[in-house]
Peer 1: 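Take this structure first; my questions come after.
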Amino acid sequence: MRFITGFPALLFSVLGSISIVTATTQYHDESFIPDAVLRVTQQNITQSCLASKTNVLINGTSPGPELRLLEGQTYWIRVYNDMTANNLTMHWHGLSMAVSPFSDGTPVASQWPIPPACFFDYEIHVPIGMAGTYFYHSHVGFQAASAAGPLIVDDLHVPYHYDDEKIIFIQDTFTKDFQTIEKGLVNTPLVWSGEAAAILVNGKGGGSANGTACNASLSVIDVEPGKTYRLRFIGATALTFASLAIEGHGSLEVIEADGSYTQKADTSFLQVAAGQRYSVLLHTLPNPTQSTYYIQLESRDRPTVTRSFAILNYGPKYKNSTPFYPPPKPVVSLPKSTVGFLDYKLYPLQPSGDFPSAKEVSRTVTITVHQAVRGMTIWLENHYPWVDTFPTEPYLVSLYKNDGVEFPSMERAAQNGGLDPITRAFPAEIGEVVDIVLLNTGADSGGLDAHPWHAHGRHYWDLGSGNGTYDAATNEAKWAGKEPATRDTTMLYRYGLTTGNGTVQGWRAWRLRVTEPGVWMIHCHILQHMIMGMQTVWVMGNETEVLGKVPRPEVEGYLTYGGDVYGNESHWPTAVHYFDTWAENQ
Ligand SMILES: *[C@@H]1O[C@H](CO)[C@@H](O)[C@H](O)[C@H]1NC(C)=O
Ligand SMILES: *[C@@H]1O[C@H](CO)[C@@H](O)[C@H](O)[C@H]1NC(C)=O
Ligand SMILES: *[C@@H]1O[C@H](CO)[C@@H](O)[C@H](O)[C@H]1NC(C)=O
Ligand SMILES: *[C@@H]1O[C@H](CO)[C@@H](O)[C@H](O)[C@H]1NC(C)=O
Ligand SMILES: *[C@@H]1O[C@H](CO)[C@@H](O)[C@H](O)[C@H]1NC(C)=O
Ligand SMILES: *[C@@H]1O[C@H](CO)[C@@H](O)[C@H](O)[C@H]1NC(C)=O
Ligand SMILES: *[C@@H]1O[C@H](CO)[C@@H](O)[C@H](O)[C@H]1NC(C)=O
Ligand SMILES: *[C@@H]1O[C@H](CO)[C@@H](O)[C@H](O)[C@H]1NC(C)=O
Ligand SMILES: *[C@@H]1O[C@H](CO)[C@@H](O)[C@H](O)[C@H]1NC(C)=O
Ligand SMILES: [Cu+2]
């Protein structure tokens with residue numbers, strides 16, 4: 001590794017204290033060995049009972065290979081865009097605070113996308129305390145429907161006992177390919193993607209979609225009797241809000257939600273939306289009466305039901321020999337209603353003691369979501385959509401290039417419900433405590449949808465959800481003397497199928513302590529809704545704080561599409577090393 005230059009930069013730690021670090025720029029020639037490599041291609045594959053179609057794959061598969069990191073370490077992950085005609089970014093879902101300024105993987109927000117035939121080196125420092133269940137996925141268009149894989153941060157000390165662990169990676173797939181879906185969603189008039197044709201567990205699945213049978217082979221999860229397993233459920237679906245249960249196994253103990261350990265919470269079934277993760281402890285039967293049990297998954301809050309299965313196998317270890325197929329009929333009965341799942345029931349295993357009281361809240365930002373038909377069908381947040389054609393340059397890049405001239409204005413935002421209409425960003429100050437209240441409203445057509453809202457940047461304290469409109473005092477009373485669990489993806493439920501155009505029906509509230517300077521997205525995680533505008537961009541920190549993390553001129557290579565930090569066959573990149581010096585000094 002060739003050392004080029006060193007310069008001081010400010011590092012704001014999780015606790016908000018400031019330490020001086022020396023970031024460096026380093027030439028990533030053949031002597032630089034990344035900790036992991038992901039190669040992204042576009043290929044035709046067959047999934048479930050569907051006809052072969054084009055998909056974005058990671059190392060030739062969907063889901064992509066499992067990445068395992070250890071808390072407290074710094075990693076470099078090299079991502080190759082081996083596609084010929086599509087841009088790419090990779091997002092480390094839930095690893096908020098762990099990514100260096102240009103490594104969050106959001107196009108038009110934190111970085112220029114990786115051009116075809118190029119690669120980009122992502123730097124991730126996982127602080128101690130962030131062990132848990134995550135995933136990585138492309139953040140461009142509809143690619144994440146297949147371009148995603150599990151990312152597990154291992155613990156130095158595991159707080160719960162279990163004998164073994166298993167990943168249950170949930171995806172969904174559609175009859176149309178991702179490019180056709182992307183075009184349809186921005187078409188005038190809207191051409192809908194269609195509902196999920198199949199739900200996949202670890203890449204396989206079958207059952208039925210809208211009553212039509214889909215007889216495809218199932219994934220098998222091997223277990224032994226009388227043991228305790230940590231099942232890591234990862235919601236990597238595009239659209240599907242999955243409700244699931246295991247035949248003959250009525251009790252699941254939730255111990256982790258979105259990367260944070262919780263006190264045990266018992267449930268007989270789980271709901272996993274796009275972007276959510278849960279770990280549960282499963283105590284296997286001491287004397288099973290069957291050699292296999294079905295895991296049944298069903299979509300919720302959509303016009304049709306897609307049902308799928310996987311196998312919990314107590315029999316001989318599965319060797320891909322005899323495939324298992326779905327049963328002719330459902331084997332368990334899953335609740336029809338979704339609202340309020342685990343709300344007010346998840347508490348941190350170790351309270352931080354840092355949960356701000358209502359008195360500490362400096363601002364409440366209300367985000368009212370609404371679906372409008374303006375030729376195209378679009379999702380609006382406080383009357384504005386956010387799609388990745390606006391702006392035309394990533395925010396972080398613009399902030400550097402303009403020397404902060406076009407920095408989002410707190411004054412303009414204050415007059416406009418928190419959103420600066422010029423930059424189309426929500427600014428926030430470091431040190432603020434912001435309550436974010438999401439409100440669901442009837443669409444132009446009166447329809448209501450359910451939305452899993454995801455925040456980059458920092459996990460929030462989830463204050464819960466309810467029907468109608470939000471009442472801060474009533475809700476605050478529910479948290480008296482308690483600290484909620486922190487999450488990164490929670491549901492804005494629908495409390496009916498239809499209501500009046502613009503009528504508020506349903507809320508979700510979060511409390512966020514703003515500590516991480518940077519450009520962070522907060523958005524619905526349904527890929528269709530994202531493409532249709534259901535995203536917001538937040539700029540947290542003022543220009544000193546955001547740009548001071550790594551000053552010019554060291555960042556020059558990040559400021560143009562295909563710039564110096566993007567490697568290719570004949571060019572080694574130069575990357576800013578933001579964390580590794582710091583980690584070495586710990
Ligand atoms: C992905 O594939 C590349 C080679 O094509 C390999 O070097 C790399 O280790 C693979 N990544 C993982 C995480 O398995
Ligand atoms: C790959 O699938 C697409 C549909 O997604 C189809 O148009 C194309 O012809 C297929 N290519 C090959 C080589 O089969
Ligand atoms: C890739 O991104 C660049 C920069 O935003 C853009 O100009 C180009 O049109 C994109 N290419 C594709 C195929 O989307
Ligand atoms: C679902 O099936 C019903 C009854 O066969 C049919 O009327 C409806 O159009 C189907 N819906 C979708 C979205 O395919
Ligand atoms: C599903 O396909 C398998 C293998 O072809 C077959 O054995 C099984 O009977 C089929 N199930 C149904 C319900 O058709
Ligand atoms: C819904 O309400 C909005 C705001 O009042 C209005 O602009 C729009 O035309 C209405 N849509 C329909 C279909 O009535
Ligand atoms: C939500 O409130 C509306 C209006 O009072 C009511 O019609 C609806 O049934 C409620 N939904 C649920 C799921 O409680
Ligand atoms: C940004 O905020 C910090 C801390 O409050 C302050 O020291 C600094 O002067 C501010 N910078 C600008 C450009 O306002
Ligand atoms: C590789 O990158 C360099 C520097 O950005 C550029 O000049 C060159 O054209 C690129 N080569 C290919 C094959 O894209
Ligand atoms: Cu949504």
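In this text, all values refer to a predicted model and were calculated from it rather than measured experimentally. In each ligand, atom 1 is the first atom listed, and ligand 1 is the first ligand listed.
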Peer 1: What atoms of ligand 9 come closer than 4.0 angstrom to any heavy atom of G562?
Peer 2: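 Ligand 9 atoms under the 4.0 Å threshold to G562: 5 (O).
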Peer 1: Which single N/O/S atom of H529 lies at minimum distance from the Cu ion (ligand 10)?
Peer 2: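 Minimum-distance N/O/S atom of H529 relative to the Cu ion (ligand 10) is ND1.
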Peer 1: Would you say ligand 9 has an N or O under 3.5 Å from any N or O of H571?
Peer 2: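 No; every N/O pair is 3.5 Å or more apart.
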Peer 1: Can you tell me if H571 has over 12 outside heavy atoms packed within less than 6.0 Å of its NE2?
Peer 2: yes
Peer 1: Closer than 4.0 Å and a protein heavy atom, does any atom meet both conditions relative to atom 11 (N) of ligand 9?
Peer 2: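 Yes.
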Peer 1: Looking at D258 and T489, would you say the former's side chain and the latter's main chain have a donor-acceptor pair under 3.5 Å?
Peer 2: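 Confirmed, D258 side chain pairs with T489 backbone.
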Peer 1: Work out which heavy atom in R552 is nearest to a heavy atom in V555; give both atom names and the distance.
Peer 2: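 Taking every non-hydrogen atom into account, CG-CG2, 3.7 Å.
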Peer 1: Which atom name would you report as the N, O or S atom of H451 nearest the Cu ion (ligand 10)?
Peer 2: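 Answer by atom name: ND1.
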Peer 1: Just one of H459, H456, R458 clears the side chain to side chain donor-acceptor pair (under 3.5 Å) bar with S96, so which one?
Peer 2: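 For S96, the side chain to side chain donor-acceptor pair (under 3.5 Å) check succeeds only for H459.
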Peer 1: Please identify which of these residues, T490, D435, D488, meets the side chain to side chain donor-acceptor pair (under 3.5 Å) condition with W510.
Peer 2: T490
Peer 1: Has ligand 5 got any nitrogen or oxygen that is less than 3.5 angstrom from a nitrogen or oxygen of N215?
Peer 2: yes
Peer 1: Considering only the protein, which heavy-atom contact is closest to atom 3 (C) of ligand 9, and what is its distance?
Peer 2: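 I find the closest protein heavy atom is N568 ND2, 3.6 Å.
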Peer 1: Look up atom 7 (O) of ligand 5 and tell me if a protein heavy atom lies less than 4.0 Å from it?
Peer 2: no
Peer 1: Compute the centroid of each ring, for H523 and then for W386, and state whether the two points are separated by less than 6.0 Å.
Peer 2: no
Peer 1: Answer yes or no: is there a side-chain heavy-atom contact under 4.5 Å between H93 and H525?
Peer 2: yes
Peer 1: Heavy-atom distances under 4.0 Å decide this one: backbone, side chain, both or neither, for A117 against ligand 9?
Peer 2: neither
